[in-house]
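Here is the structure we will look at, set down as structure tokens.
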Amino acid sequence: MPLEPGLYVAATPIGNLKDVTFRVIETLREADRILCEDTRQTGKLCAAYGVTTPRTAYHEHNAARVQDEIIAALKDGAAICLVSDAGTPLISDPGFRLVEAARAAGVNVIPLPGPSAAIAALSAAGAPTQQFFFAGFPPVKSEARLAFFKSIATVDATLIFYEGPSRIGDSLRAMMEAFGDRRAVVAREITKIHETFDADFLSGLAEKYRDGAKGEIVVIIDPPPQAEPALDADIDSFLLEAMKTMSLKDAAAATADAFALPKKAAYDRALAIKARR
Ligand code: SAM
């Protein structure tokens, strides 16, 4: 069956060439053309799977220039496959403007899911996963980088960053300054021969990677520590103290404020304490 016309956004391996889906290979084979960040890089994947579809460049330097022509071809019914050098296009990679323009032009946009370094790192890091915040690459300049980290220091989620090997030491130090000494993981060379997951506090990782590191890196940082929930015994002793100098109602109100409790709960507790005495 011929490929439906449209823009296919295809995820490709982040190291291990086997991490590509059947659907991506099939689409690469059957598309009218492949838009690549780097035609030689994508050439390796194509050679490994016998894909001979024409490849043309689509990257940050020519994106604006070639976009109109691509959209015109899509509107004419072409099936075009967008890939980046590795992982999922648009995720810290080119493609957003093209997808935006394709949707605005009423063109079918089809995701072909697969690898992304952020999700691969998160899936094996051992950090909480209920909520996570993908922060991409931090700014390169040190002042902007620290300000950026500080601006997200209270986000109540696991944080995910991409970082280059020469900047990792500086970034980890700035992370420690902004986030405090949280638990973190440096995931390097995922799916490649030298894959490593290094889990430690930020202080330990900053020391270890002080002089940089080799390879491609994702940093995962635990969410901010939660305030310990108040223990019943703490609440009771606060109430008892307050009841020495205040009316029961005022003592309950002061306790509710101090422990962020509903007023009724603090009042009922005060009544129970009074009844026991
Ligand atoms: N679009 C890609 C994705 O979905 O993961 C990311 C592209 S971004 C230009 C490249 C960055 O992703 C690298 O600098 C590194 O931070 C991270 N990365 C890519 N491959 C990786 C790997 N195998 N191991 C660790 N990090 C990787």
Side-chain angles (χ1 to χ4, degrees), residues 7-21 23-24 27-28 34-42 44-45 48 57-63 81-100 109-127 129 132-140 145 148-149 152 158-172 174-175 184-200 202 205-206 208-209 212-221:
L7 177 63
Y8 291 80
V9 183
T12 58
I14 57 170
N16 188 326
L17 285 188
K18 290 182 183 169
D19 291 333
V20 66
T21 68
R23 191 167 169 226
V24 165
T27 307
L28 288 173
I34 305 169
L35 299 178
C36 316
E37 215 184 334
D38 177 340
T39 52
R40 279 165 309 174
Q41 178 66 20
T42 303
K44 295 178 200 163
L45 181 70
Y58 176 82
H59 44 64
E60 56 181 325
H61 304 296
N62 75 351
C81 192
L82 172 70
V83 298
S84 59
D85 282 353
T88 303
L90 281 78
I91 307 302
S92 296
D93 263 340
F96 160 62
R97 293 280 172 219
L98 183 60
V99 169
E100 182 187 45
V109 181
I110 307 105
L112 303 183
S116 186
I119 298 299
L122 181 66
S123 71
T129 53
F132 56 87
F133 179 86
F134 174 63
F137 284 98
V140 172
R145 180 168 50 206
F148 173 61
F149 289 154
I152 56 172
T158 291
L159 305 176
I160 308 177
F161 298 94
Y162 286 163
E163 190 49 291
S166 61
R167 282 192 271 271
I168 185 67
D170 290 342
S171 258
L172 287 167
M175 285 171 181
V185 173
V186 170
R188 279 194 310 129
E189 296 288 271
I190 303 167
T191 77
K192 303 185 200 176
I193 296 171
H194 297 294
E195 175 179 283
T196 53
F197 278 70
D198 237 333
D200 198 346
L202 278 170
L205 292 169
K208 176 161 184 183
Y209 293 105
K214 287 205 175 111
E216 299 198 272
I217 298 169
V218 180
V219 181
I220 307 268
I221 302 186

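Read the numbers this way: they start at 1 and go in the same order the structure lists the ligands and their atoms.
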Fill in: Residue T88 vicinity, atoms of ligand 1 by number, heavy atom under 4.0 Å
1 (N), 3 (C), 4 (O)

Discussion item. Using only atom types and a distance under 3.5 Å, with no angle test, would you say the side chain of T12 pairs donor to acceptor with the backbone of T88?
Written reply: no

Item to complete: With L82 as reference, evaluate I34, L90, L112 under the side chain to side chain contact (heavy atoms under 4.5 Å, CB included) test and give the passing residue.
Response: L90

Item to complete: Could you find the nearest protein heavy atom to atom 20 (N) of ligand 1 and give me its residue, atom name and distance?
Response: E216 OE1, 3.4 Å

Worksheet item: Can you find an N/O atom of G15 closer than 3.5 Å to an N/O atom of ligand 1?
Response: no

Discussion item. Could you work out, with ring-ring contact (aromatic ring centres under 6.0 Å, His included) as the rule, every residue matching H61, not counting sequence neighbours?
Written reply: H59

Worksheet entry | A120 to I190 - nearest heavy-atom pair and separation | CB-CG2, 4.0 Å

Practice prompt. Mind checking whether I217 contacts ligand 1 via backbone (N, CA, C, O), side chain (CB onward), both or neither, at a 4.0 Å heavy-atom cut-off?
Written response: backbone

Worksheet item: Side chain, backbone, both or neither: which part of A86 comes within less than 4.0 Å of ligand 1 when only heavy atoms are counted?
Response: backbone

Worksheet item: If you measure every N/O of A117 against every N/O of ligand 1, is any gap under 3.5 Å?
Response: yes

Worksheet item: Is the closest N or O pair between I190 and ligand 1 shorter than 3.5 Å?
Response: yes

Discussion item. Under 4.0 Å, heavy-atom basis, I'd like to know which part of D93 is in contact with ligand 1: side chain, backbone, both or neither.
Written reply: side chain

Worksheet entry | K192 contact mode with ligand 1 (heavy-atom cut-off under 4.0 Å) | side chain

Item to complete: Could you tell me the separation between the CZ atom of R145 and the CZ atom of F137, rounded to the nearest 0.5 Å?
Response: 13.0 Å

Worksheet, complete the sentence: Heavy-atom proximity to atom 9 (C) of ligand 1 ranks first, among G164, S92, A118, G87, for S92

Worksheet item: Which value, rounded to the nearest 0.5 Å, describes the distance between I152 atom CD1 and I221 atom CD1?
Response: 8.0 Å

Response to the item:
ligand 1 to I91, heavy atom cutoff 4.0 Å, flagged ligand atoms 1 (N), 2 (C), 4 (O), 6 (C), 7 (C)

Worksheet item: Among the heavy atoms of T191, does any lie under 4.0 Å from an atom of ligand 1?
Response: no

Worksheet entry | Any F137 heavy atom less than 4.0 Å from ligand 1 | yes

Worksheet item: Should you measure from each heavy atom of E163, which atoms of ligand 1 turn up under 4.0 Å away?
Response: 16 (O)

Worksheet item: Using 4.0 Å as the upper bound for N to carboxylate O, is an ion pair formed by K208 and D198?
Response: yes

Discussion item. Using 0.5 Å steps for rounding, measure from the CD1 atom of I217 to the CD1 atom of I168.
Written reply: 4.5 Å

Worksheet item: Should S116 be counted as touching ligand 1, given the test is an N or O pair under 3.5 Å?
Response: yes

Discussion item. Once rounded to the nearest 0.5 Å, what's the spacing between atom NZ of K18 and atom OG1 of T191?
Written reply: 11.5 Å

Listing, residues 160-167 side-chain donor-acceptor contacts under 3.5 Å, not counting sequence neighbours, or none:
residue	atom	partner	partner atom	Å
Y162	OH	A118	N	3.1
E163	OE2	S171	OG	2.6

